[in-house]
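Input: a single structure, listed below in C-alpha cells.
Proteins get letters first, then strands, A, B, ... in listed order; numbering begins at 1 in each.
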Number of protein chains: 2
Amino acid sequence: MKNIPIASVERVAKYIRCLKHLQKKGEEIVSSKKLAEHTQVTPEQVRKDLSYFGKFGKTGTGYNIKKVVKRLSNILKGRKNWNVCIIGAGALGTALSRYQGFKSAGYNIVALFDKDPEKIGKKIGSAEVYDIKKFSDITKKKDIKLAIIAVPAESIEEVEEYIAKSQIKGVLNFVPVTLNFNTKRKIAIIEVDLAQKLYILSYLTKK
Amino acid sequence: MKNIPIASVERVAKYIRCLKHLQKKGEEIVSSKKLAEHTQVTPEQVRKDLSYFGKFGKTGTGYNIKKVVKRLSNILKGRKNWNVCIIGAGALGTALSRYQGFKSAGYNIVALFDKDPEKIGKKIGSAEVYDIKKFSDITKKKDIKLAIIAVPAESIEEVEEYIAKSQIKGVLNFVPVTLNFNTKRKIAIIEVDLAQKLYILSYLTKK
DNA sequence: GCCAATTGTGAAATTTAATTGCAATAGTTT
DNA sequence: AAACTATTGCAATTAAATTTCACAATTGGC
C-alpha cells in the first residue's frame with residue numbers, strides 16, 4: 001500500500017459501517033450503486049476507493065457483503081483486535097469507556113488512567129482506573145498501543161510526557177490543544193475537537 | 001463568501017482555538033509564522049486561509065490576537081451565541097452536556113431530550129431532560145437551531161423524524177449511521193463516528 | 001446466446017493546496 | 001529622517017490530491 005488518499009481511507013471506514021448495517025438487515029449482496037446511495041457518495045467513488053485496496057466485487061453481480069466487511073476491516077484494523085486505554089476518567093472519559101461502538105469495531109477499552117486518588121481503583125464498565133504514574137508499566141503489561149486522551153486542557157503536557165515515554169503508537173485526542181510529541185518514533189495522532197465541529201456546523205448553516 | 005475550501009474553514013477554527021490559548025497566556029500580537037508553528041502548518045497557509053475571510057493583520061507587525069479572535073469567531077459562529085440541544089441522555093449525551101468546551105466557544109447546551117420516562121425531568125448540568133415528544137415545541141420555545149444526536153443506533157430513524165419536523169438547521173451526529181433527512185429545507189450535518197476514528201488511527205500506525 | 005447489470009481502472013478533468021515572489025507598510029535603530 | 005527589518009496580503013504559478021468519465025470485461029438471468 002503506498003499512496004492511498006486519506007479521504008479514501010475515511011470513506012472505506014464509512015463503507016464498513018454501512019455494510020455491517022446492511023448485513024444486520026439480512027442482505028448478502030450489494031452493488032456499488034446501492035452502497036453509494038447509503039453513504040452519499042457516487043458509485044464511481046465507491047469503486048475507486050475500494051480499488052486502492054484490491055478487488056472486492058464480482059463483475060455484473062456486486063459485492064458479497066460478508067467477505068468485503070471482513071477483508072476491509074482486516075486492512076484497516078488488522079487481523080487482531082486492539083487493546084485501547086483512555087486517559088482521563090472524567091465525564092467524557094467515562095462515557096467513552098462505555099461506548100459500545102468501540103468494542104463492536106474490534107477495539108477493547110481495557111484500562112483508564114487518572115491522577116485523582118478518588119478515581120484510582122474504581123471500575124468503569126469493564127475496565128479499571130489506574131494511577132497515571134503507572135502508565136508505561138500497565139500499557140506494556142496489557143499490550144495497549146492506542147490511547148484516547150480526555151483530560152482537562154491544563155493536564156495535557158503531563159499526559160504528553162507519559163505517552164512519549166511509553167509504547168503507545170496512536171492517539172485519539174479529544175483535548176482542544178495541538179499535540180506535539182518530541183519522540184523519534186512516530187506516533188499517529190487524530191484530533192477530535194468537539195467545539196470546532198460546532199463552529200463549522202454553524203458556519204455551514206449560514207451558507 | 002463563496003468557494004472557501006472546507007479544509008481552510010477547519011483550520012480557521014483551529015486558529016481560533018490556538019489564539020485563545022495564546023491570549024490566556026497574555027500574548028497580544030502574533031505573527032503568521034508563530035501561529036503556524038503552534039498549529040503545525042506553514043505561515044503561507046495561515047495567511048492564505050485568513051485571506052479568504054478578509055484582512056486581519058498589520059503589515060510588518062502581525063495580528064492583534066484579541067481582534068482576530070473576535071472577528072473570526074463572528075464569521076464562523078456569528079455574532080450571537082447559539083442554543084444547542086442534545087438528543088439522547090445516555091452516557092455520551094450526559095458527558096457532552098457537561099463538556100465545558102462548548103460553552104466557552106459560545107454554544108450553550110440548554111436542553112436534552114430522551115424517551116425514557118426515568119430520565120425525563122432530571123437535570124443534567126445546567127439543562128433539563130425533556131420528553132422527545134415535545135421536541136418541536138421546546139426547541140422552538142428555547143430558540144434552538146442546532147442539535148447533537150447521541151442515541152443508540154436503533155432509535156435514529158425516530159429521531160430523524162422529530163428533527164425533520166422541527167426548526168433545527170444543523171446536526172452534529174455521533175450515531176454511526178448516515179443520516180438522510182427528507183426535507184426541503186437544508187439541514188447541515190456533521191458526522192462524528194468515533195469507531196471510525198480508531199479504524200483510521202490503527203491504519204495510520206501501520207504505515 | 002443474448003441482454004442487462006455491474007465491476008475495475010486508466011486517463012482526463014477538476015479541485016484544493018502549496019510555493020514563490022514581491023510591493024507595501026509599520027515599527028525600530030542609527 | 002533615512003535606513004533597516006519584519007511581516008502582511010496577494011497574484012501567479014506549480015504541484016498534488018481527488019473526483020469524474022468512459023469503457024472493456026465479466027457475470028448471471030432469461
Side-chain angles (χ1 to χ4, degrees), chain A residues 1-16 18-19 22 27-72 75 200 203-204 207, chain B residues 1-16 18-19 22 27-72 75 200 203-204 207:
Chain A
M1 281 178 256
K2 42 261 119 143
N3 281 353
I4 301 175
I6 188 68
S8 290
V9 179
E10 286 176 359
R11 278 191 301 269
V12 164
K14 198 173 181 183
Y15 302 152
I16 294 178
C18 179
L19 290 168
L22 293 173
E27 313 225 6
E28 291 179 3
I29 304 288
V30 74
S31 66
S32 58
K33 195 178 163 196
K34 204 163 190 184
L35 180 53
E37 278 168 18
H38 283 284
T39 49
Q40 312 213 315
V41 298
T42 64
E44 296 80 10
Q45 183 86 75
V46 170
R47 299 205 297 275
K48 189 70 173 180
D49 287 335
L50 293 180
S51 78
Y52 287 116
F53 299 97
K55 293 183 186 182
F56 293 85
K58 201 182 262 185
T59 313
T61 313
Y63 301 91
N64 177 309
I65 295 180
K66 197 175 161 191
K67 280 189 189 170
V68 173
V69 167
K70 193 166 182 185
R71 275 183 60 201
L72 284 182
I75 288 167
I200 293 165
Y203 173 76
L204 290 177
K207 285 224 297 192
Chain B
M1 279 177 255
K2 30 233 136 172
N3 279 353
I4 302 175
I6 187 69
S8 289
V9 179
E10 287 177 358
R11 276 191 302 269
V12 164
K14 199 174 180 181
Y15 302 152
I16 294 178
C18 181
L19 290 169
L22 292 172
E27 314 223 6
E28 292 179 2
I29 305 288
V30 74
S31 65
S32 58
K33 194 178 163 195
K34 204 164 189 185
L35 180 53
E37 277 167 19
H38 282 284
T39 49
Q40 311 213 316
V41 299
T42 64
E44 295 79 11
Q45 182 85 72
V46 170
R47 298 208 295 274
K48 183 77 171 181
D49 287 335
L50 294 181
S51 77
Y52 287 116
F53 299 97
K55 294 181 188 182
F56 294 86
K58 200 182 264 185
T59 313
T61 313
Y63 301 90
N64 177 308
I65 295 181
K66 198 174 160 191
K67 280 190 190 168
V68 173
V69 166
K70 194 166 183 184
R71 276 185 58 201
L72 284 181
I75 288 167
I200 293 164
Y203 174 77
L204 290 177
K207 284 224 297 191

Expressed in angstrom and rounded to an integer, what is the separation of [X] atom [atom1] from [N] atom [atom2]?
X: B:E10; N: C:dT16; atom1: CD; atom2: P; value: 12 Å
X: A:K55; N: C:dT7; atom1: NZ; atom2: C1'; value: 10 Å
X: A:N64; N: D:dG28; atom1: CG; atom2: P; value: 12 Å
X: B:K58; N: C:dT25; atom1: NZ; atom2: C1'; value: 10 Å
X: A:L50; N: C:dT7; atom1: CG; atom2: P; value: 9 Å
X: A:F53; N: C:dT9; atom1: CZ; atom2: C1'; value: 16 Å

> With sequence neighbours left out, what residues match B:Y63 under side chain to side chain donor-acceptor pair (under 3.5 Å)?
Replying inline: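 Residues passing side chain to side chain donor-acceptor pair (under 3.5 Å) with B:Y63: none at all.
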
> Of the residues in residues 27-38 of chain A, which ones touch DNA chain C at a heavy-atom distance under 4.0 Å?
Replying inline: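 Correct list: A:S31, A:S32.
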
>> Does the Lys NZ or Arg CZ of B:R71 fall within the cation-pi geometry relative to B:F53 - under 6.0 Å from the ring centre and within 45° of the axis?
In response: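 Not flagged: B:R71 not positioned over aromatic ring of B:F53.
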
> Can you tell me if CD on A:E28 sees more than 12 non-hydrogen neighbours from other groups inside 6.0 Å?
Replying inline: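 Incorrect, the count does not exceed 12.
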
> Below 4.5 Å, heavy atoms only, C-beta onward: do B:L50 and B:Y15 meet side chain to side chain?
Replying inline: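 B:L50 reaches B:Y15 side chain to side chain.
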
> Can you tell me how far the CG atom of A:L35 sits from the CZ atom of A:R47, to the nearest 0.5 Å?
Replying inline: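 Reported value, rounded in 0.5 Å steps: 11.5 Å.
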
>> Once rounded to the nearest 0.5 Å, what's the spacing between atom CD of A:Q40 and atom CD of A:Q45?
In response: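 Here the interatomic distance stands at 13.0 Å.
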
> Can you check whether B:I4's main-chain N or O pairs, donor with acceptor, with B:S8's side chain at less than 3.5 Å?
Replying inline: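 No; zero donor-acceptor contacts below 3.5 Å.
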
Might you list the N or O atoms of the protein lying below 3.5 Å from N or O atoms in nucleotides 19-26 of chain D, with each pair's distance?
unit_1, atom_1, unit_2, atom_2, d
D:dT19, OP1, A:R11, NH1, 3.3
D:dT19, OP2, A:R11, NH1, 3.1
D:dT19, OP2, A:R11, NH2, 2.6
D:dT19, OP2, A:Q45, NE2, 3.2
D:dT19, O5', A:Q45, OE1, 3.4

> Is there a side-chain polar atom (N or O) of B:Y63 under 4.0 Å from OP1 or OP2 of D:dA6?
Replying inline: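 No, outside the criterion.
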
> Should A:L204 and B:V9 be marked as a side-chain contact (heavy atoms from CB on, under 4.5 Å) after you check the CA-CA gap, both sets of side-chain angles, and the distance that decides it?
Replying inline: CA-CA 10 Å; A:L204 290 177; B:V9 179; over 6 Å; no

